[in-house]
Structures are given as structure tokens and as C-alpha cells.
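Notes follow the structure.
Atoms within each ligand, like the ligands themselves, are counted from 1 in listed order. The structure displayed is predicted, hence computed values, not measured ones.
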Amino acid sequence: MVDTKLVEETAAKIRTMEVRGALKIAVEASKAMLHVIEEGASFEEMVQAADKLKDARPTAVSLPNAVNYILHLAEESSTLEPSVAKATLIANTSNFIEELSSSIDKIAEIGANLIEDGDVLLTICNSKTVTSIMVKAKKDGKNFKVYACETRPRMQGHITVKELTDAGVDVTLIVDSAAYYTMTHKGVKKVFVGADTVYANGDVINKIGTSQVALAAKNAGIEFIVCTESIKLSPGSMIGETVEIEERDPTEVTDLKGVKVFNPAFDITTKEYISKIITEHGVIPPETVYNLLKEKFAWSIGD
Ligand code: RUB
């Protein structure tokens, strides 16, 4: 029996959102998989670990994509001589984690090119991908302003404000319901948001409130830009599968007793509201997500 403590701990941290954000979830789950592989797990035990991790949160497809890819690597290496199989799998999994972790830096480089001196930007939630782009643009010497929606009920906007402030970016916190007014009265030029899942048809799932911001941006004639690593593309959507939109505990919204609460954690922004998608492979229109999916997930979907 392999030691699955790290798997349990990682799954718990993802569930309680101590580890959050779609890329970070995928990276930490992959590290837990690497640990059980190093411990000498059988394929069966790897599948069990993968299932525990995948069950932790339902909406970000980066999580199943990452652990399923590691299982795919395990299947591939199982055809090798037993003496080299484990070392090969460890090396391939480590490379994958390295690539996953560095994909954000490539997006930061590309995304920073889209920020111009004097820009006024708006974002919602805390996407490390989005803040990395803004931090890179600042390092490149650009001066711009950011409005950050506080993002009820978990207030991830506060994390965004801290990250950007620490990097010297001019950032202002707003309540979520001030998004449209801020767009139209503070000269917002572009909205940057992250993604948890991107469907083959170009629709994007991200933090609750994102689709309202997209509607407001469209009405105000403002560019709406999604920033996503390709690990968040959904291969299942090519065969019509959808992800579950997570509903979280009512206590996140209110401590009032006897009140009915609906607390969805994510929503879907359809592609007609999305101006462009920034990936580590370049800037693409939402209509071409299908092509990138086919290329990146050939291991999962076949030909
Ligand atoms: C986080 C969220 C983020 C995406 C992208 O939701 O919706 O915008 O996950 O983040 P939660 P990143 O706080 O519920 O996890 O770019 O860091 O992967």
C-alpha cells in the first residue's frame, strides 16, 4: 500500500479552497500524483489517487485533464522494461509539471503585449494568469490602471488587489455591482478574466459574475479578453460533455438563519461576448478553440 497522505491532503486543500485557481489546482494535484508514483504505486493505486483528486472540485477541467494525462503517461511507460518504466514515468511526469507551471509565464509575455500605456483595465476574481499578465506589463514599463471586482462571496478580488499592489500596479477595488458603472464612467478599455474550463465551441466557464461582466462589457463596447492555459480546454466538450457548475455552502453567502440561498461558484460566458483568448500558444479567437483542443488533446481524444 502506498502512502496516500499527500493525495488526501491535496484533495482537502482543493475542496476547502486553500489551494484555488484552476492552474494551481492542476499543478498541486499533479505533484500529489508524482508523489504516489515515486512511492511505487501500482496502476490501480494511481487510478484511485487520481479519482480522489478529481472528486475534490467539479468545475475546473484543468484538474481531470492533468491527472488523466499522468495516467496516460503511466499507461505509455507500462510497455517499457520494468527496470526503466518507473524512472521514465517520474521523468515524464516531472516534465509535464514543469511545462504546466511555466505555461503561465508564456501567457504573461503574450498577454502583456495587449496592454498599452494609459490603459484602464477591469478584472473579476483572482486569476494568477491575469495578474501575471498585468505584473509583466508593469515590469515592461507600462503604466495602466486596474479595477478589481471584489468577487462575492469569497472575495478573491482582495487577493488580486494585494498581488497587483505588491507589484506596483495602480489597482482599485470595486463592489461587483459597480462593474458597469466603472466601465462607463472610468474609461475602462479592456476586461481581462481567467478561465476554469473552455469548451470546444469557445464558451468559457469562470468565477460567478464573469458572464455579467461580459454582458456589461459588450454593451459598453469594451474588449473582453479571456486568459487561459491550454490545460483548461475541455476535451469532453468535443463529444457534448459539460462540466458541473459547483454550488457551494450557503454559509459563504450569509449567516442569516432560515433563508434560502443559491450559491453557484461559476458561470458560463458564451463566445459571442469574448473578443479574444490568450493562451500559451498565442492569441486566438474563441471560434478556433476546437483546433487547439484537437492538437493538444490528441492523447485523450484520438484522431
Ligand atoms: C477561481 C477562478 C479563476 C480561474 C483562473 O475560482 O474562477 O478565474 O480559476 O485562475 P476559485 P488561474 O477561487 O473558486 O478557485 O488563472 O489562477 O488558473
**Prompt:** In ligand 1, which numbered atoms sit nearer than 4.0 Å to a non-hydrogen atom of Arg20?
**Reply:** 1 (C), 11 (P), 13 (O), 15 (O)
**Message:** Would Ala265 count as a contact residue for ligand 1, given that I'm defining contact as a non-hydrogen atom of the residue lying under 4.0 Å from a ligand atom?
**Reply:** no
**Prompt:** Checking Lys207 against Phe266: charged group under 6.0 Å from the ring centre and within 45 degrees of the axis?
**Reply:** yes
**Prompt:** Applying the 4.5 Å side-chain criterion to the ILVMFWY set and letting contacts propagate, would Leu293 and Val243 be lumped into a single cluster?
**Reply:** no
**Lys218 bridged to Glu272 by N-O distance under 4.0 Å** = no
**Request:** May I ask you to identify, for Cys125, whether its side chain, its backbone, both or neither come under 4.0 Å of ligand 1 on a heavy-atom basis?
**Result:** side chain
**Request:** Check the surroundings of atom CG in Asp255: do more than 12 heavy atoms from other residues, nucleotides or ligands lie under 6.0 Å from it?
**Result:** no
**Asked** Relative to the heavy atoms of Asn206, which atoms of ligand 1 are at a distance of less than 4.0 Å?
**Response** 2 (C), 3 (C), 4 (C), 7 (O), 8 (O)
**Asked** Which protein non-hydrogen atom lies closest to atom 6 (O) of ligand 1, naming both residue and atom, and how far is it?
**Response** Lys207 CE, 3.3 Å
**Prompt:** Which protein heavy atom lies closest to atom 10 (O) of ligand 1, and at what distance to 0.1 Å?
**Reply:** Ser127 CA, 3.6 Å
**Asked** Are any non-hydrogen side-chain atoms of Ile90 and Leu34 less than 4.5 angstrom apart?
**Response** yes
**Request:** Return yes when atom NZ of Lys24 has more than 12 non-hydrogen atoms of other residues, nucleotides or ligands closer than 6.0 Å, and no otherwise.
**Result:** no
**Item:** Which of the ligand 1 atoms, numbered from 1, are nearer than 4.0 Å to a heavy atom of Asp196
**Value:** 2 (C), 3 (C), 4 (C), 7 (O), 9 (O)
**Item:** Ligand-residue contact atoms, ligand 1 with Gln156, heavy atoms, under 4.0 Å
**Value:** 11 (P), 13 (O), 14 (O)
**Asked** Counting each atom of ligand 1 from 1 as listed, which ones have a heavy atom of Lys128 under 4.0 Å away?
**Response** 12 (P), 16 (O), 17 (O)
**Asked** Just wondering, more than 12 heavy atoms not from Glu246 lying within 6.0 Å of its CD?
**Response** yes
**Asked** Hey, looking at atom 15 (O) of ligand 1, which of Lys24, Met17, Arg57, Met155 has the closest heavy atom?
**Response** Arg57
**Request:** Assess whether atom NZ of Lys145 is packed by more than 12 heavy atoms of other residues, nucleotides or ligands within 6.0 Å.
**Result:** no
**Message:** Only heavy atoms of Leu23, strictly under 4.0 Å: list the atoms of ligand 1 that pass.
**Reply:** 18 (O)
**Message:** Does the plane of the ring in Trp299 sit parallel, tilted or perpendicular to the ring in Phe297? Use 30° and 60° as the thresholds.
**Reply:** tilted
**Item:** Any Ala195 heavy atom less than 4.0 Å from ligand 1
**Value:** yes
**Within-cut-off N or O pair, Ala22 and ligand 1, under 3.5 Å** = yes
**Asked** So which bit of Arg154 gets within less than 4.0 Å of ligand 1, heavy atoms only: side chain, backbone, both or neither?
**Response** neither
